[in-house]
Structure formats: structure tokens, C-alpha cells
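Whatever order the structure lists them in is the order used to number ligands and atoms, beginning at 1. Since we're looking at a predicted model, the values are computed, not measured.
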Amino acid sequence: MTPEEAALRIATLRAEVARHDELYYRQARPELTDFAYDGLKAELARLECAFPSADATGGPSPTSRVGDDRAEGFARVRHRQAMTTLDNTYDEAELREFHARLVRALSAEDLAYTIEPKVDGVAISLTYEEGRLSRAVTRGDGEEGDDVTANVRTIRSLPSTLADLAPPAVIEVRGEIYLREEEFRRINQLQEEAGEAPYANPRNLAAGTLKQLDPRIVASRRLEIVLYGIGHCEPPVATSQTKLHDRLRAWGLPVLDPFWSVRGPEAVWTAIRELDARRRTLPFGTDGAVVKLDAFAQQRHPRVGFRGMAADGQAEAARKLSPRWACAFKFPPDRAETRIREITIQVGRTGVLTPVAELEPVLLAGTTVRRATLHNADEIARKDVRPGDTVLVEKAGEIIPAVVAVVPGRRAPGAEPYVFPRACPVCRTAAARAEGEVAWRCPNPDCPEQVRRRLEHFASKAGVDIDGLGEEIVGQLIDRGLVRRLPDLFRLRLEDLLPLRKSGEIWAANLIAGIDARREVELWRVINGLGIPQVGAAAAKELARTFRSLGALLDAPVADLCRVEGFGDKTAHAVRTWCEQLGNRALVTDLLAAGLSPRAPAAVAGGLAGKTFVLTGTLPTLAREEAAALIEAAGGRVSGSVSRKTHYVVAGEDAGSKLAKARDLGIPVLDEAGLRALLAGG
Ligand code: IVH
């Protein structure tokens with residue numbers, strides 16, 4: 001590989017990994033199995049290592065930061081001690097290398113380890129002050145997360161006080177929030193009965209639940225928690241992971257079971273195999289084992305510590321990434337062999353044509369799999385998948401199964417390479433592929449299948465949220481030609497619906513009332529419901545806040561779109577392109593004419609509206625949360641990282657890399673007095 005090729009591949013992989021991080025951490029709707037994701041990330045890390053000069057091509061690489069789960073609507077809280085992630089491997093040899101490195105670093109042969117299940121849930125940090133639960137915060141970007149205390153307090157198995165007569169003054173206890181399989185199924189059943197899309201897997205549902213703004217909804221879903229670690233702790237409570245485990249349990253906190261304390265690599269391996277044999281019987285999803293060096297003194301040894309710091313303990317990068325004293329060994333996902341009966345094409349709401357393998361049913365990870373995604377035309381060509389082929393299908397957790405590879409030597413003679421269709425299978429319009437995109441699309445916005453999916457999305461909880469309008473009804477409305485375009489929905493009359501159901505007067509009246517009730521609806525819901533490429537709920541909210549009307553959004557120049565919080569060039573251009581298309585402009589006009597009346601968000605009063613601040617270091621009198629609250633009350637926004645879009649950096653004592661970056665970018669830096677002057681209108 002030439003350096004140019006490497007640079008290109010690195011750029012592609014970074015964009016891919018960043019996209020999947022966004023899908024996993026923020027949107028809780030991953031497209032890849034963890035295994036496939038880990039593969040991308042490992043390839044990226046290898047290339048970055050082999051071609052370090054290619055490193056200068058952009059912002060920080062996703063290999064040098066943790067995913068970010070922070071969402072709208074929660075107070076941001078700084079962790080007293082950062083939350084890191086774990087290095088992982090699927091390879092026994094790498095696990096042995098992990099041990100060998102520790103032996104070298106500590107000059108000790110006989111090392112004690114713990115082995116724990118790796119819980120497939122959502123990371124959480126609980127703060128207990130004088131033994132009382134005071135805060136629960138998500139991992140966020142590792143340094144600051146979302147305050148989800150009210151939601152976590154609904155967890156019945158979590159005590160709000162520690163069973164200890166002399167508890168530590170302050171302790172951050174770390175663990176994972178998850179949902180049991182039965183509970184996942186129960187909630188999904190309700191979702192489906194309500195005509196809502198089911199959640200992909202228990203982890204996504206747990207993540208989505210934890211980020212609910214209404215604690216009553218959270219309380220109606222039975223979240224569980226398990227605790228396995230500590231962050232900041234004053235005074236210390238244990239000298240090893242084993243003792244910590246015992247202590248957490250003695251406090252009445254739910255802890256991991258099974259849990260092994262062993263010596264030496266052979267015993268580690270035996271425990272991992274035992275865990276593998278038992279993992280499907282555990283209450284939480286487990287995709288691996290976490291091996292930790294047991295003694296805290298050894299963990300803290302200057303030659304162990306954290307990746308992201310130099311070996312001498314001096315900060316090399318400003319933050320800790322992952323501990324060298326722990327390693328996650330992940331079990332490979334479940335795979336099975338089966339035959340592809342045929343390849344069909346699914347049309348998405350943006351017209352994307354997704355090839356799907358229709359399989360001979362096969363049992364995989366406890367469920368019967370009949371269909372698996374083939375992703376796109378390039379992937380089919382790359383793997384040379386042909387109808388009739390015997391293939392390996394993979395499934396991790398509840399994620400959509402995927403075809404991984406063709407089993408060699410089993411192809412029927414005469415099997416022809418698959419030719420991706422040139423036309424939409426539903427409306428027969430010639431398929432098109434935009435430059436630089438992998439997906440082929442049906443370019444006909446009135447394609448009935450697209451309209452059906454768009455309408456489903458428009459009416460869904462994330463969109464305009466119309467009561468009673470689920471997949472089934474949408475299908476009937478489309479099939480009967482009652483709705484050909486979105487605006488038709490708002491022109492439906494009672495008599496149109498009556499033929500759909502026997503004695504359906506009440507049902508029809510309710511549906512009409514449900515639609516009427518959502519004519520006046522928050523602007524962001526309409527924007528999200530329109531299905532603009534690259535725009536999800538979070539982006540829709542930012543667009544609504546910035547432009548305040550559909551008209552202003554349609555006419556927004558790219559330069560203004562680029563300034564929207566969280567928008568890069570690509571998103572800005574995608575939105576602009578969508579807004580320029582005459583069909584889309586007509587759609588918006590027609591929706592308004594049909595009586596849709598979007599409501600702009602309440603204007604934020606205050607002199608700092610539209611200004612983004614980053615806080616760093618310790619201010620003389622204001623705590624970070626207080627400073628953030630003052631800024632937000634004045635209409636400003638507080639962000640965790642410095643970029644060109646930052647308007648001010650407020651720096652206190654011990655400000656580090658963020659201050660340096662602000663100076664680099666020429667962003668004005670304020671001290672506390674400067675901030676106060678600005679707040680006072682100075
Ligand atoms: S130890 C600094 N132990 O997996 C040590 N983490 O992929 C990090 N996780 O961020 C945490 N089970 O959210 C640890 N038994 C376990 C775990 C566990 C699940 C999560 C945790 C971590 C992520 C890393």
C-alpha cells in the first residue's frame with residue numbers, strides 16, 4: 001500500500017467509524033455488529049500505526065477518543081475521575097501478549113487477575129456522598145456525561161444508601177445499566193401493539209430508556225444495574241479488584257456474578273472458557289470477558305497505568321484512554337451456514353436500494369434467521385455473493401443479521417454473478433448513484449414504497465407522532481391510493497377511512513382526530529419527519545432552533561447551515577441539496593397548504609443566544625456547573641470541546657489542552673471576571 005492509498009483508506013475508515021460511533025452511542029441504532037465495528041477500528045489503528053504521517057489529515061481520530069453518548073435535554077456533569085474504555089481483542093494470542101506485557105512492566109511472573117463478564121449495557125457512574133446516592137451520570141465523552149439521576153433512581157435493585165456505618169465521604173461507583181431479555185421482549189411487544197418500530201436489541205432499549213426525559217416512562221420499564229468499578233474515591237475503600245467486588249456487595253449493591261479471582265494466564269483462560277459456556281444463561285447480554293490485574297498497586301504502577309499517557313506517567317495526550325491493566329476478550333459473534341434462495345431489493349424511505357439475502361431458515365443465536373442484509377452493491381461484488389450460494393451469516397445480540405462471506409467450494413456450477421438491478425423493483429424508475437456514495441437509489445420521490453416508508457417515519461414517535469398511525473394503517477392508506485404524497489394525510493376525510501374497517505366509525509374518527517391533533521406540532525418533528533438525508537432528531541432540533549421556520553430552512557445558504565451546532569460540511573451540503581430540489585420545496589409548501597402548522601421553539605431570551613462556550617480549568621469562585629448554568633440561562637450553549645465554532649473559551653487555573661487549542665484557533669479566552677462582564681452585558 002502506498003502512503004497515498006493509506007491516507008485515503010484512513011480518511012474513509014475514520015469517517016466510517018465516526019458514523020458508526022454516532023449511530024451506536026448517540027442514536028442507539030447501530031448498523032454493524034460489534035465484531036464488524038471492531039474490525040474497522042482495528043484496521044484503522046493498524047494503518048495509523050504503519051503510516052503515522054497520514055495522521056495529520058483531519059481532526060482527532062476515533063481511535064484516540066471514546067464514543068460520545070451525550071444527548072439533548074440533560075444537564076452535563078463532569079466526572080471527578082474520567083471514564084475510559086477498554087482495549088479489546090478476539091484473539092487468544094493477543095490476550096497472552098497482554099499478560100506478557102504486564103510481566104515485563106512489573107518484573108513479576110505470578111500475577112493475580114480477575115475475570116468478569118463484559119456486560120453489554122450502558123456505562124454509568126454513580127456518586128455516593130456520605131453513603132447516599134447523589135448523582136448518576138452517563139459516560140458522555142469520558143470527561144463529562146449526562147445527569148440521569150432521576151431515571152436511575154427508578155431502578156428498584158439499586159439502594160439509595162450504602163449499607164455501611166462509616167461510608168467513604170465521596171465515591172464514584174461505576175457499572176452498567178441493562179435490560180433483561182424478558183423485559184426487552186415485553187416492552188417490544190407493547191411497542192408493536194402500539195404500531196411502533198421495535199427496538200433492535202436490549203442494549204439499545206436500555207440506552208434509549210436511560211435517555212428518556214420523563215422518569216415515569218423509565219419507571220415503567222424495569223432497568224437493572226450491576227456495579228464493578230470505582231472512579232474517584234475519598235478515602236480509598238479497597239486494595240484490589242477482588243476486595244472491591246466484596247465491598248460493593250457488602251454495601252448492598254448488585255455486583256457481577258460470575259466473578260473469578262485467579263493467578264496466571266492458564267487460569268485466566270480456563271475462566272474465560274467457563275464464562276463462554278455459561279454466558280447465555282446470564283441475566284444480562286455478555287459479549288466477552290474483562291480481565292483485570294487484581295492488585296490496585298500494580299494497576300497504578302508507573303509502567304502500567306493508562307494508554308494515552310506516556311510510560312513515565314507524564315500526560316502525553318491530555319486524557320486517559322484505556323487502562324493497560326485491563327483487557328476485554330470478546331467472544332466472536334454467532335455464525336451459521338445457510339443457502340441464499342434469492343436476493344431481493346428493499347426500498348428505503350430515502351430511496352436507498354438495499355439488497356437482502358432471502359435465506360433458507362437457520363437457527364442463529366437462539367432465533368430463526370430468514371433474511372440477512374447484503375448492505376449494498378459494492379459489498380455484494382466485493383464478496384462475490386451469488387444467488388444459490390452457501391454463505392456464512394452472522395448475528396450479534398439482536399442486531400440485523402448480515403452475510404459475512406461465501407463458503408468457498410460450495411457454489412453450484414453455472415451460478416452467475418449477481419447483477420444489481422438498474423431499476424427500482426417497485427416503481428421501475430432507473431436507479432441512480434450519486435458521486436462518492438455507495439448506495440444506489442430510486443430517484444422517484446413518488447415511488448409508492450418510498451412514500452410508504454416516509455409516511456411511516458413521518459407519523460412515528462420521532463416524527464410528527466400521530467396516534468394510531470402505525471405500519472399497518474400506513475400500508476392500507478398507500479395500497480388504496482388514499483395517500484400518494486405526505487400532504488394527502490392531512491386531507492383525509494372520515495368517509496375515506498370507513499371502507500378500511502368493518503364498523504370502523506369510532507376507529508376512523510379517532511384516527512382523523514389523531515391527525516388533526518398534530519397539525520400544530522413542534523417544528524423539529526416536521527423537519528425530522530421530512531427525512532432529509534443526514535438529519536436525525538438531534539440535527540432537526542438544531543435546525544428548528546436556528547431557522548425557526550420551514551421557509552427560512554428552505555432558503556438557508558450553505559454558509560449558514562455550516563454554522564449550525566454539530567453540522568459539518570457534508571451535512572450542510574446534504575441539507576442544502578435537499579432544500580434545492582423542486583419536488584421537496586413543493587412538498588413543504590403543500591404540507592403547509594394542507595394545514596400543517598409547525599411551531600418554532602420558544603426563543604431563548606438573553607444576550608448570549610447563539611454563542612457557544614467551552615469551560616476549562618478551575619474558576620476562582622464559580623463551579624463549572626454554575627458557570628454553565630449562567631451561560632445557558634443567558635441563552636448561550638456550553639460544549640465540551642473547542643472547535644472553530646466555539647465563540648469563547650472560559651479558562652481557569654490548570655486549564656490544559658483546550659486553552660492551547662483556543663489560542664491556536666484564535667478564539668477569545670475569558671477568565672471568570674471576563675465571563676461575568678459578558679453576562680452583565682459588557
Ligand atoms: S471495567 C477502565 N468491567 O465495557 C475500566 N467495563 O468496552 C473500564 N463494561 O467502558 C471499565 N462490563 O462500560 C469494566 N466487567 C466490566 C465491564 C465493563 C462492561 C463496559 C464499560 C466499558 C466498556 C469498554
>> Ring centroids only, cut at 6.0 angstrom: are Tyr113 and Trp325 within range, meaning strictly under it?
In response: no
[atom] [closest protein heavy-atom partner, distance rounded to 0.1 Å]:
atom	value
atom 13 (O) of ligand 1	Glu176 OE1, 3.0 Å
atom 24 (C) of ligand 1	Leu86 N, 3.5 Å
atom 14 (C) of ligand 1	Tyr228 CE1, 3.2 Å
atom 15 (N) of ligand 1	Glu116 OE1, 2.8 Å
atom 23 (C) of ligand 1	Lys118 NZ, 3.9 Å
atom 10 (O) of ligand 1	Arg139 NH1, 2.8 Å

> Charged N to carboxylate O below 4.0 Å: is that the case for Arg70 and Glu144?
Replying inline: yes
> Is the shortest side-chain N to carboxylate O distance from Glu97 to Arg104 below 4.0 Å?
Replying inline: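 The answer is yes: the pair qualifies as a salt bridge.
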>> If I apply the N/O under 3.5 Å rule, does Pro117 come out as touching ligand 1?
In response: yes
> Would you say Val119 has any N or O atom under 3.5 Å from an N or O of ligand 1, going by distance alone?
Replying inline: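 Yes; the residue has a nitrogen or oxygen that sits under 3.5 Å from a nitrogen or oxygen of the ligand.
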> For ligand 1, is there an atom lying under 4.0 Å from some heavy atom of Pro323?
Replying inline: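 Right, Pro323 reaches ligand 1.
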